[in-house]
2 protein chains.
Amino acid sequence: MRIGELSARTGASRRSLRYYEEQGLLVSSRSPSGQRHYKDEHVQRVRLVQAFLAAGVSSGTLVEMVPCMAEPSEDRARQALEIMECERARLSEDIDGLVAARDALDHLIEDNRAYLTRSADGEV
Amino acid sequence: MRIGELSARTGASRRSLRYYEEQGLLVSSRSPSGQRHYKDEHVQRVRLVQAFLAAGVSSGTLVEMVPCMAEPSEDRARQALEIMECERARLSEDIDGLVAARDALDHLIEDNRAYLTRSADGEV
DNA sequence: CTAAATGCTCACATCGATGTCAGGGGCAAG
DNA sequence: CTTGCCCCTGACATCGATGTGAGCATTTAG
């Protein structure tokens with residue numbers, strides 16, 4: 001498939017797909033005229049990239065984690081593992097932060113509701 | 001306290017504190033010479049702002065949520081409530097995304113570990 | 001009093017993923 | 001052949017929170 005279809009299937013803009021490739025997160029075989037061609041497999045790859053980027057993993061970090069699978073070397077694998085675990089810790093921290101924020105928000109919502117209820121009861 | 005102390009207590013840079021004020025997220029009383037002065041109370045406020053900003057709530061959205069508590073009006077409260085609930089949904093979505101990413105990462109880590117183990121067992 | 005530390009404002013820089021526009025091919029159907 | 005749609009590269013723009021630096025004022029410690 002060409003870039004338009006991959007874009008449609010993944011929701012990533014063409015621009016983003018080219019960017020992923022530029023960053024080494026995605027490969028494409030080129031037709032003689034230079035057009036990118038992808039296989040079904042790549043749909044999953046793009047989804048993975050999207051998930052990590054959305055999770056705040058930078059493309060630079062991602063490139064150190066994921067592509068090691070393409071050209072496996074023991075050293076690279078060890079280094080990738082270290083980075084992955086580091087990133088995993090960051091993710092967990094972020095999750096905790098978000099959950100805390102949501103709790104705080106729930107608190108504000110509660111307060112607001114209480115205020116409105118009181119107000120509705122005709123209180124000044 | 002002046003801005004330096006508030007900064008030290010919250011971990012927010014002086015720059016950020018001025019920015020929060022500029023955005024209407026923080027108030028300060030000014031000394032005759034124009035220096036900002038804060039009360040202990042404000043430490044908590046800053047922490048709240050930090051938590052929400054870190055959670056990806058924009059200062060614009062935040063200003064519609066939080067300061068309604070300062071000048072409570074029924075209409076504002078209702079509108080704020082709507083925004084809060086909307087933002088809560090977004091937060092929950094984000095959390096789900098992060099958790100999914102972490103799961104994917106765990107998968108990659110697992111694969112990597114398996115590879116290293118096989119490698120250590122002397123396999124080609 | 002003086003020097004050091006702190007504060008003020010204004011303005012420009014940064015980062016990363018993406019949007020967008022321009023100028024130029026490529027390819028299929030009418 | 002032409003029309004329409006997709007693709008290419010390259011470059012500049014965007015957003016939001018924060019960093020940074022200049023130039024100047026104020027407060028505090030010695």
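Treat the numbers as computed from the prediction; the structure is a model and nothing was measured.
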Examine distances only and state if a side-chain atom of [X] and a backbone atom of [Y] form a donor-acceptor pair shorter than 3.5 Å.
X        : Y        : value
B:Ser119 : B:Tyr115 : no
B:Ser28  : B:His37  : no
B:Arg45  : B:Leu25  : yes
B:Gln50  : B:Thr10  : yes
A:Arg78  : B:Leu116 : no

Looking at [X], does any N or O in its side chain come under 4.0 Å of the phosphate oxygens OP1/OP2 on [N]?
X       : N      : value
A:Ser13 : C:dG19 : yes
B:Ser59 : D:dA17 : yes
B:Tyr20 : D:dA17 : no
B:Tyr19 : D:dA17 : yes
B:Ser16 : D:dT18 : yes

Spacing between [X] atom [atom1] and [N] atom [atom2], to the nearest angstrom:
X       : N      : atom1 : atom2 : answer
B:Phe52 : D:dG16 : CZ    : C1'   : 18 Å
A:Leu53 : C:dG16 : CG    : P     : 12 Å
A:Met1  : D:dC6  : CE    : C1'   : 16 Å
A:Glu21 : D:dC7  : CD    : C1'   : 13 Å
B:Leu26 : D:dA17 : CG    : P     : 14 Å
A:Glu22 : C:dA17 : CD    : C1'   : 11 Å
A:Leu6  : D:dC7  : CG    : C1'   : 14 Å

For nucleotides 7-11 of chain C, list the nitrogen or oxygen atoms of the protein found under 3.5 Å from its nitrogen or oxygen atoms, one pair per line.
residue, atom, partner, partner atom, Å
C:dG7, OP1, B:Gly4, N, 2.3
C:dG7, OP2, B:Arg14, NH1, 3.1
C:dG7, O4', B:Gln35, NE2, 3.4
C:dC8, OP1, B:Arg36, N, 3.0
C:dC8, OP1, B:Arg36, NH1, 2.9
C:dC8, OP2, B:Arg18, NE, 2.9
C:dC8, OP2, B:Arg18, NH2, 2.7
C:dT9, OP1, B:Arg30, NH1, 3.3
C:dT9, OP1, B:Arg30, NH2, 3.3
C:dT9, OP2, B:Arg36, NH1, 2.9
C:dT9, OP2, B:Arg36, NH2, 2.9

* To do: Please name the residue in the list B:Arg14, B:Arg2, B:Glu21, B:Met1 that meets the side-chain contact (heavy atoms from CB on, under 4.5 Å) test with B:Arg36.
  => B:Glu21
* Which part of the nucleic acid, if any, lies within contact of B:Ser58, taking any heavy atom under 4.0 Å across all strands shown: a base, the sugar-phosphate backbone alone, or nothing? -> sugar-phosphate
* **NE2 (A:His107) with more than 12 external heavy atoms under 6.0 Å** => no
